[in-house]
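Values below: every heavy atom of this structure, side chains too, minus hydrogens, waters and symmetry copies.
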Amino acid sequence: MHELSLIQNLLNIVMQSASDNGIKKVSSVALVVGENYGVLPDALDFAFHVLTQDTMCAGAALVVQKKPLVLRCKECLAEFSPQGATCRCTYCQAFRTEVVSGRELYIDYYEGE
(Lines give C-alpha, C1' and ligand atoms only; values in the text may rest on other atoms or scores of the structure.)
Protein backbone atom coordinates (compact mmCIF):
# COMPACT_ATOMS: atom_id res chain seq x y z
CA MET A 1 0.00 0.00 0.00
CA HIS A 2 2.27 2.75 -1.27
CA GLU A 3 -0.64 5.18 -1.11
CA LEU A 4 0.30 5.97 2.51
CA SER A 5 3.77 7.19 1.55
CA LEU A 6 2.41 9.07 -1.48
CA ILE A 7 -0.16 10.91 0.61
CA GLN A 8 2.39 11.61 3.36
CA ASN A 9 4.73 13.23 0.81
CA LEU A 10 1.89 15.23 -0.76
CA LEU A 11 0.69 16.38 2.66
CA ASN A 12 4.21 17.49 3.58
CA ILE A 13 4.26 19.67 0.45
CA VAL A 14 0.80 21.11 1.14
CA MET A 15 1.51 21.83 4.81
CA GLN A 16 4.88 23.45 4.06
CA SER A 17 3.32 25.63 1.35
CA ALA A 18 0.37 26.53 3.59
CA SER A 19 2.71 27.43 6.45
CA ASP A 20 4.90 29.52 4.12
CA ASN A 21 1.80 31.43 3.01
CA GLY A 22 0.32 32.07 6.47
CA ILE A 23 -2.51 29.55 6.10
CA LYS A 24 -3.50 28.01 9.43
CA LYS A 25 -6.21 25.56 8.33
CA VAL A 26 -6.45 23.67 5.01
CA SER A 27 -10.03 22.96 3.94
CA SER A 28 -9.46 20.98 0.74
CA VAL A 29 -6.72 19.36 -1.29
CA ALA A 30 -7.20 18.55 -4.98
CA LEU A 31 -5.10 15.88 -6.65
CA VAL A 32 -4.82 14.90 -10.30
CA VAL A 33 -4.26 11.16 -10.62
CA GLY A 34 -3.55 9.44 -13.92
CA GLU A 35 -5.59 6.35 -14.69
CA ASN A 36 -2.38 4.40 -15.24
CA TYR A 37 -0.46 5.70 -12.19
CA GLY A 38 -1.23 2.58 -10.20
CA VAL A 39 -3.00 3.85 -7.10
CA LEU A 40 -6.32 2.88 -5.63
CA PRO A 41 -8.62 5.89 -5.07
CA ASP A 42 -10.13 4.34 -1.94
CA ALA A 43 -6.65 3.75 -0.51
CA LEU A 44 -5.71 7.39 -1.24
CA ASP A 45 -8.82 8.57 0.55
CA PHE A 46 -8.17 6.27 3.52
CA ALA A 47 -4.53 7.37 3.78
CA PHE A 48 -5.51 11.04 3.53
CA HIS A 49 -8.00 10.81 6.39
CA VAL A 50 -5.64 8.80 8.61
CA LEU A 51 -2.59 11.00 8.00
CA THR A 52 -4.36 14.35 8.34
CA GLN A 53 -5.54 13.71 11.91
CA ASP A 54 -4.11 16.29 14.32
CA THR A 55 -2.65 18.37 11.47
CA MET A 56 -3.68 21.63 9.80
CA CYS A 57 -5.38 19.43 7.18
CA ALA A 58 -7.67 17.62 9.66
CA GLY A 59 -11.21 17.53 8.30
CA ALA A 60 -10.12 18.73 4.85
CA ALA A 61 -11.80 17.32 1.78
CA LEU A 62 -9.73 15.29 -0.66
CA VAL A 63 -10.78 15.94 -4.26
CA VAL A 64 -9.37 13.45 -6.76
CA GLN A 65 -9.58 14.23 -10.46
CA LYS A 66 -8.87 11.16 -12.54
CA LYS A 67 -7.00 11.72 -15.80
CA PRO A 68 -7.61 9.10 -18.49
CA LEU A 69 -4.83 7.20 -20.22
CA VAL A 70 -4.18 8.77 -23.64
CA LEU A 71 -1.71 7.31 -26.10
CA ARG A 72 -0.21 8.75 -29.30
CA CYS A 73 0.44 6.44 -32.23
CA LYS A 74 4.02 6.77 -33.50
CA GLU A 75 2.88 5.79 -37.01
CA CYS A 76 -0.14 8.03 -37.71
CA LEU A 77 0.24 10.44 -34.72
CA ALA A 78 -3.40 9.98 -33.70
CA GLU A 79 -4.19 10.28 -29.99
CA PHE A 80 -6.60 7.81 -28.45
CA SER A 81 -7.65 6.13 -25.21
CA PRO A 82 -6.94 2.40 -25.44
CA GLN A 83 -9.85 0.00 -25.21
CA GLY A 84 -9.24 -3.06 -23.04
CA ALA A 85 -5.74 -4.42 -22.50
CA THR A 86 -4.34 -3.61 -25.96
CA CYS A 87 -2.37 -0.49 -26.81
CA ARG A 88 -2.96 -0.89 -30.56
CA CYS A 89 -3.84 2.35 -32.36
CA THR A 90 -7.57 2.54 -32.90
CA TYR A 91 -7.04 4.36 -36.23
CA CYS A 92 -4.22 2.53 -38.07
CA GLN A 93 -3.85 -0.58 -35.83
CA ALA A 94 -0.10 0.02 -35.24
CA PHE A 95 1.43 -1.17 -31.95
CA ARG A 96 4.06 1.58 -31.57
CA THR A 97 2.58 4.12 -29.16
CA GLU A 98 3.70 6.54 -26.48
CA VAL A 99 1.92 7.81 -23.39
CA VAL A 100 0.54 11.35 -23.64
CA SER A 101 -1.24 11.40 -20.27
CA GLY A 102 -2.53 9.06 -17.62
CA ARG A 103 0.61 8.51 -15.52
CA GLU A 104 0.58 11.73 -13.51
CA LEU A 105 0.10 12.38 -9.83
CA TYR A 106 0.25 15.96 -8.62
CA ILE A 107 -1.40 18.50 -6.36
CA ASP A 108 -3.69 20.67 -8.46
CA TYR A 109 -4.50 23.10 -5.67
CA TYR A 110 -5.36 23.38 -2.01
CA GLU A 111 -7.64 25.79 -0.18
CA GLY A 112 -7.49 27.13 3.33
CA GLU A 113 -7.49 30.20 5.52
Side-chain angles (χ1 to χ4, degrees):
M1 187 166 160
H2 67 288
E3 286 84 354
L4 274 170
S5 62
L6 290 172
I7 289 294
Q8 183 62 65
N9 289 332
L10 294 171
L11 283 172
N12 290 343
I13 293 168
V14 167
M15 290 190 286
Q16 182 63 54
S17 175
S19 181
D20 291 347
N21 290 290
I23 294 172
K24 306 259 188 262
K25 177 82 175 144
V26 173
S27 58
S28 66
V29 176
L31 302 179
V32 175
V33 180
E35 177 183 356
N36 209 34
Y37 189 79
V39 295
L40 300 171
D42 289 344
L44 286 177
D45 193 56
F46 174 77
F48 182 82
H49 289 293
V50 168
L51 295 173
T52 56
Q53 293 177 5
D54 301 324
T55 71
M56 68 169 53
C57 296
L62 177 64
V63 180
V64 176
Q65 176 190 355
K66 295 179 189 171
K67 196 147 190 163
L69 178 62
V70 176
L71 302 177
R72 178 181 300 120
C73 177
K74 289 185 174 183
E75 300 298 328
C76 72
L77 304 179
E79 292 184 4
F80 61 97
S81 290
Q83 305 299 315
T86 183
C87 293
R88 178 179 270 191
C89 176
T90 57
Y91 298 97
C92 73
Q93 305 302 313
F95 282 106
R96 292 178 17 131
T97 59
E98 61 186 348
V99 175
V100 174
S101 69
R103 288 187 175 169
E104 51 279 278
L105 173 67
Y106 60 88
I107 302 164
D108 192 20
Y109 64 88
Y110 66 91
E111 297 175 323
E113 56 186 68

Output yes when a side-chain donor or acceptor of Thr97 lies under 3.5 Å from a complementary backbone atom of Cys73, and no otherwise. no

Can you confirm whether more than 12 heavy atoms, excluding those of Asp54, are under 6.0 Å from its CG atom? no

Side chains of Val26 and Val14 in contact at under 4.5 Å (non-hydrogen atoms): yes

Within the 4.5 Å heavy-atom criterion, are Leu69 and Ser81 side-chain neighbours or not? no

Is Phe95 reachable from Phe80 through a run of hydrophobic residues whose side-chain heavy atoms are each under 4.5 Å from the next? no

Taking the side chain as C-beta and beyond, is there a heavy-atom pair between Leu105 and Val32 under 4.5 Å? no

Taking side chain as C-beta onward, heavy atoms only, is Leu11 less than 4.5 Å from Thr52? yes

Just say parallel, tilted or perpendicular for the rings of Tyr37 and His2, cut-offs at 30° and 60°. tilted

Under-4.0 Å salt bridge between Glu98 and Arg72: yes

Side chain to side chain contact (heavy atoms under 4.5 Å, CB included) with Phe46: which of Leu44, Asp42, Val50? Val50

How many angstroms lie between atom OG1 of Thr86 and atom CD of Gln93, to the nearest 0.5 angstrom? 8.5 Å

Side chains of Tyr110 and Ser17: donor-acceptor distance under 3.5 Å anywhere? yes

Between Asn9 and Ser5 (side chain of the first, backbone of the second, donor and acceptor by atom type, cut-off under 3.5 Å), is there such a pair? yes

Run the salt-bridge test on Glu113 and Lys25 with the 4.0 Å N-O cut-off and return the result as yes or no. no

Atom CG in Asp108, atom CD in Gln65: separation rounded to 0.5 Å? 6.0 Å

Any chance the side chains of Gln16 and Asn12 put a donor and an acceptor closer than 3.5 Å? no

With hydrophobic residues grouped by side-chain heavy-atom distances under 4.5 Å, do Tyr91 and Leu71 end up in a single group? yes

Taking NZ, NE, NH1 and NH2 as the nitrogens, is one of them in Arg96 or Glu75 under 4.0 Å from a carboxylate oxygen of the other? yes

CD of Glu104 to CG of Asn36: how many Å apart, nearest 0.5 Å? 9.5 Å

Tell me whether Ile107 is reachable from Leu62 by hopping between hydrophobic residues (I, L, V, M, F, W, Y) whose side-chain heavy atoms are closer than 4.5 Å. yes

So if I apply the side chain to side chain contact (heavy atoms under 4.5 Å, CB included) rule between Ser101 and each of Lys67, Glu79, Glu35, which one comes out positive? Lys67

Give a yes-or-no answer on whether the side chains of Ser28 and Glu111 include a donor-acceptor pair shorter than 3.5 Å. yes

Indicate yes or no: at least one non-hydrogen side-chain atom of Leu10 is less than 4.5 angstrom from one of Val29. no

